[in-house]
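See below for the structure under consideration.
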Amino acid sequence: MTEWKRTYYCGKLRPEDVGVTVCLNGWVHRWRNHGGVLFIDLRDSTGLVQVVFHPENNKDLFEQAETLRNENVIAVRGRLEKRPAETVNPNLPTGEVEVIAQELVILNKAKTPPLQIDDRITVDEALRLRYRYLDLRRPEMQKYLAVRHRVAKLTRDFLDQKGFLEIETPMLTRSTPEGARDFLAPSRLSPGKFYALPQSPQLFKQVLMVAGVDKYFQIARCFRDEDLRADRQPEFTQIDLEMAFVDREEIFALMEELVQVLFKELTGFESVRPFPRLSYHEAVRRFGTDKPDTRFAMELTDFSDLVKETEFSIFRQVVAGGGSVIGITAPGCGNYSRRELDELPRLAADFGARGLVYFALTGEGIKSPVAKFFTPGQLTAICERAQAREGDLIMMVADETEKAREILGGLRLEFGRRLQLIPEGRHDFLWVIDFPLFELNKETRRIESMHNPFAAPLPEDRAFLESEPLRVRGDAYDLVLDGVELGSGSIRMHQRELQEKVFAILGISPEEAREKFGFLLNAFDYGAPPHGGIALGMDRLVTILTGAESMRDVIAFPKTAAGACLLTGAPAEVEPAQLQELSLVSLADRDLIVVKKRKNET
RNA sequence: GGAGCCGUGGUGCAGCCGGUUUAACACGCCAGCCUGUCAAGCUGGAGAUCGCGGGUUCGAGUCCCGUCGGCUCCGCCA
């Protein structure tokens, strides 16, 4: 190979280099045989360059080149020359030059690939995942890999410069209650016992604070055994950090600077600091979600007081029952056809609505199936409140306040997209702050942590911890970008008594707390500094930075919706001997039999 | 756990309410021609038991049920 070692990268060749003899290594991207002249587009990680073979130069060489096929791996030696003016390809960075081949060696042949190495071709994603090594050869995917690397590198440099230490924490740790389902790893040395893969390094980074580390960070792999979504993988990466002796202002300033650097370096986007802030309650009230996309307005409007005494009984009843009538105004949709209007309730139902009322402000007045229940004065008041003008469409949902807001939040996003209200190239950062510390699980009627059980209550709300826990706000915050929850963090509790009190409110007994979190509580006994931190979802961040269609595109080897790796076939069965060694018995086969029996009976 | 969409040569797809082609078209592949193309062009060719299993029917790529795989959403994800 020494003899054929490359001297230049394909995509880097420029007119300035003309005249040199180059040796290139790469893949045959495409070939064009014109009989009397043959072109090869040679591809490496940097891009393409055209290689030319003339039969009159060297007949044997030409015949050798004629055997080349797509994705053959070759080394070529030749002279870099300027292309004749009329043959310059302006679509290629190397389009002004070409390599006149002198020697060629095929380093490896390739079967005809099952997917074409081309950004323009759409291929079934399952096939892409099965042949990931071919999919990743596509320039677009190479770019994603590079951007991801740059994010990690810039983050490391930035945090290093700010005095952070990158510290690894265990991947084999213990299962803790609450939160997501753990991935477990059985212990061979302790039969019947299990490690859990970390859902996040949360506990370790807090212990590191007690250990006197002033600033910690880690580009940490996290594992959660929950069902997948387009933006959720069972293993994912967080930019995780924690600082001692901080308040949230310091964390906000740091993170704003970091993401500003990342966006500027990688997309050229200039973010404006400081980022705006919304309290959780305000976000939910105005946008119907705790992660609002503020790139467009169309905020929620509360009509409850206006409609509580109308003849429309559904509105009256809902408001009387403590619920709300919430709406949004879709600009320019007042001219919707009958059919489009009829579709609205079904659309709303997708977001959980039991019904939807609309008022279309047409040129001939207000069109609505329920208009007859409202006096002209009431209709005017509604339009005024909605800031609706002729040509607009007001949509309303009546329900439990929280639910109505959520439904409208969903409709708002839907119409924002549909009406293309989101400006191209714009990015909105937003801090959502003062999250409630707890929320009520409607099914179990139990109090649960909204963020995590380590977020500190806001000092001014601490008095209500025992009397009205649901009223207590935490010093917890989310970084929201374009309607995506990019990061989440909090100032933590660092005193044992307070942490134990919160555990108690969460229904974790003192025994369980000692059993599962004893090491943290004990650590707090020995002079734990006030501390806090945040973790950014790196996969989501890179997805937005690259504009990738799917989070799977920015992960080299992602899992499918069913949690499978189509490249390796994981998860897979293991040898019975392996199970035995781990003192495990699989119930999978037995369950299968039970299920089959039950189905045959019915 | 639930719902929706998808599955047809190597790839992307057409095939509508069951019978009209020999399952169309494009890309790719193979062969021939071709001296400046660059998603080359022209000519010809090979390649598909329509994901799998059952059912309905005189007849199923097409309808029904099940199943497998992929995607999306709800639940879930402190």
Side-chain angles (χ1 to χ4, degrees), chain A residues 29-42 48-57 62 66 69-71 83-92 94-95 98 100 111-131 134 176-182 199-200 202-203 222-234 236 349-352 406 410 414 435-439 441-443 446-455 474 476 485 488 490 502-503 506 508 535 537 549-550 552 559-564 566 569 596 599-600:
Chain A
H29 186 67
R30 234 185 284 278
W31 52 278
R32 293 175 292 281
N33 188 350
H34 290 239
V37 59
L38 191 156
F39 302 101
I40 297 286
D41 289 338
L42 189 62
L48 297 176
V49 72
Q50 175 163 281
V51 181
V52 189
F53 295 84
H54 291 290
E56 58 267 31
N57 287 2
F62 188 84
E66 280 189 305
R69 290 297 178 265
N70 288 349
E71 299 309 308
R83 289 196 194 187
E86 66 278 13
T87 66
V88 164
N89 184 350
N91 302 319
L92 227 51
T94 61
E98 60 191 6
I100 310 301
K111 296 209 283 193
T112 301
L115 49 97
Q116 288 171 56
I117 316 301
D118 191 329
D119 285 340
R120 286 166 303 222
I121 304 285
T122 56
V123 186
D124 178 56
E125 194 169 353
L127 197 70
R128 292 175 50 199
L129 293 175
R130 184 150 40 246
Y131 295 96
L134 297 180
T176 52
E178 291 205 64
R181 197 177 290 114
D182 283 319
Q199 295 181 26
S200 82
Q202 181 66 32
L203 294 161
C222 305
F223 304 87
R224 293 179 191 175
D225 188 8
E226 297 294 344
D227 287 4
L228 287 79
R229 285 287 185 284
D231 60 348
R232 251 165 45 194
Q233 285 275 308
F236 60 99
D350 288 345
F351 297 103
E406 199 182 306
E414 171 68 25
F435 275 78
L437 201 53
F438 307 108
E439 64 185 336
N441 183 319
K442 292 226 170 77
E443 266 174 43
R446 283 180 51 178
I447 286 180
E448 295 176 352
S449 291
M450 194 145 189
H451 256 69
N452 70 32
F454 311 104
E485 182 195 317
S488 188
S490 64
V502 167
F503 280 153
L506 292 169
I508 301 173
E549 253 176 61
S550 158
R552 290 182 295 276
K559 306 278 191 289
T560 68
L566 298 183
K596 273 182 185 159
K599 280 196 176 158
N600 288 343

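We use all heavy atoms of the structure for the numbers below, so side chains are in, but hydrogens, waters and symmetry mates are not. Keep in mind that this is a model prediction, so the values were computed, not measured. Lettering follows sequence order; numbering is per chain, from 1.
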Base, sugar-phosphate, or nothing for [X], non-hydrogen atoms under 4.0 angstrom?
{"X": "Glu86(A)", "answer": "nothing"}
{"X": "Ala455(A)", "answer": "nothing"}
{"X": "Asp225(A)", "answer": "nothing"}

Please tabulate the protein-to-nucleotide N/O contacts below 3.5 Å involving nucleotides 72-74 of chain B, giving atom names and distances.
{"residue": "U72(B)", "atom": "OP1", "partner": "Arg552(A)", "partner atom": "NH1", "Å": "3.3"}
{"residue": "U72(B)", "atom": "OP1", "partner": "Arg552(A)", "partner atom": "NH2", "Å": "3.0"}
{"residue": "U72(B)", "atom": "OP2", "partner": "Arg552(A)", "partner atom": "NH1", "Å": "3.3"}
{"residue": "C73(B)", "atom": "OP2", "partner": "Ala230(A)", "partner atom": "N", "Å": "3.2"}
{"residue": "C74(B)", "atom": "OP2", "partner": "Arg229(A)", "partner atom": "NE", "Å": "3.0"}

Examine the base of G75(B) for any acceptor or donor lying under 3.5 Å from a partner atom in the side chain of Glu226(A), and report the outcome as yes or no.
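Absent.
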
Does Arg232(A) get its side chain close enough to the base of C77(B), under 3.5 Å, for a donor-acceptor pair?
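Yes.
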
Listed by chain and number, what are the salt bridge (Lys or Arg N to Asp or Glu O under 4.0 Å) partners of Arg552(A), not counting sequence neighbours?
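Per chain and number, Arg552(A) pairs via salt bridge (Lys or Arg N to Asp or Glu O under 4.0 Å) with Glu125(A).
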
Expected list for residues 222-230 of chain A: side-chain donor-acceptor pairs under 3.5 angstrom, two or more places apart:
{"residue": "Arg224(A)", "atom": "NE", "partner": "Gln199(A)", "partner atom": "O", "Å": "3.3"}
{"residue": "Arg224(A)", "atom": "NH2", "partner": "Gln199(A)", "partner atom": "O", "Å": "3.1"}
{"residue": "Glu226(A)", "atom": "OE2", "partner": "Arg181(A)", "partner atom": "N", "Å": "2.8"}

Could you list, one pair per line, each protein nitrogen or oxygen that sits under 3.5 Å from a nitrogen or oxygen of nucleotides 6-9 of chain B, together with the distance?
none

Below 3.5 Å between N/O atoms, which protein atoms pair up with nucleotides 39-49 of chain B? Just atom names and distances, please.
{"residue": "A39(B)", "atom": "O4'", "partner": "Arg120(A)", "partner atom": "NH2", "Å": "3.3"}
{"residue": "A40(B)", "atom": "OP2", "partner": "Arg30(A)", "partner atom": "NE", "Å": "3.2"}
{"residue": "A40(B)", "atom": "OP2", "partner": "Arg32(A)", "partner atom": "NH1", "Å": "3.3"}
{"residue": "A40(B)", "atom": "N6", "partner": "Asn33(A)", "partner atom": "O", "Å": "2.9"}

Protein N or O to nucleotides 3-5 of chain B N or O, pairs below 3.5 Å:
none

For atom CZ of Arg69(A), decide whether the heavy atoms of other residues, nucleotides or ligands shown that lie under 6.0 angstrom number more than 12.
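Count over threshold, so yes.
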
On RNA chain B, check which nucleotide each of Leu566(A) and Asn452(A) is closest to and give me the residue with the more 5' one.
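Closest to the 5' end, via its nearest nucleotide, is Leu566(A).
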
According to the Watson-Crick and G-U wobble definitions, with both distances under 3.5 Å, which nucleotide is paired to U20(B)?
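Paired with U20(B), as far as the under-3.5 Å criterion goes, is no nucleotide at all.
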
Does Thr560(A) have a side-chain nitrogen or oxygen under 4.0 Å from the phosphate oxygens OP1 or OP2 of G70(B)?
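For G70(B), OP1/OP2 do have a side-chain N/O of Thr560(A) under 4.0 Å.
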
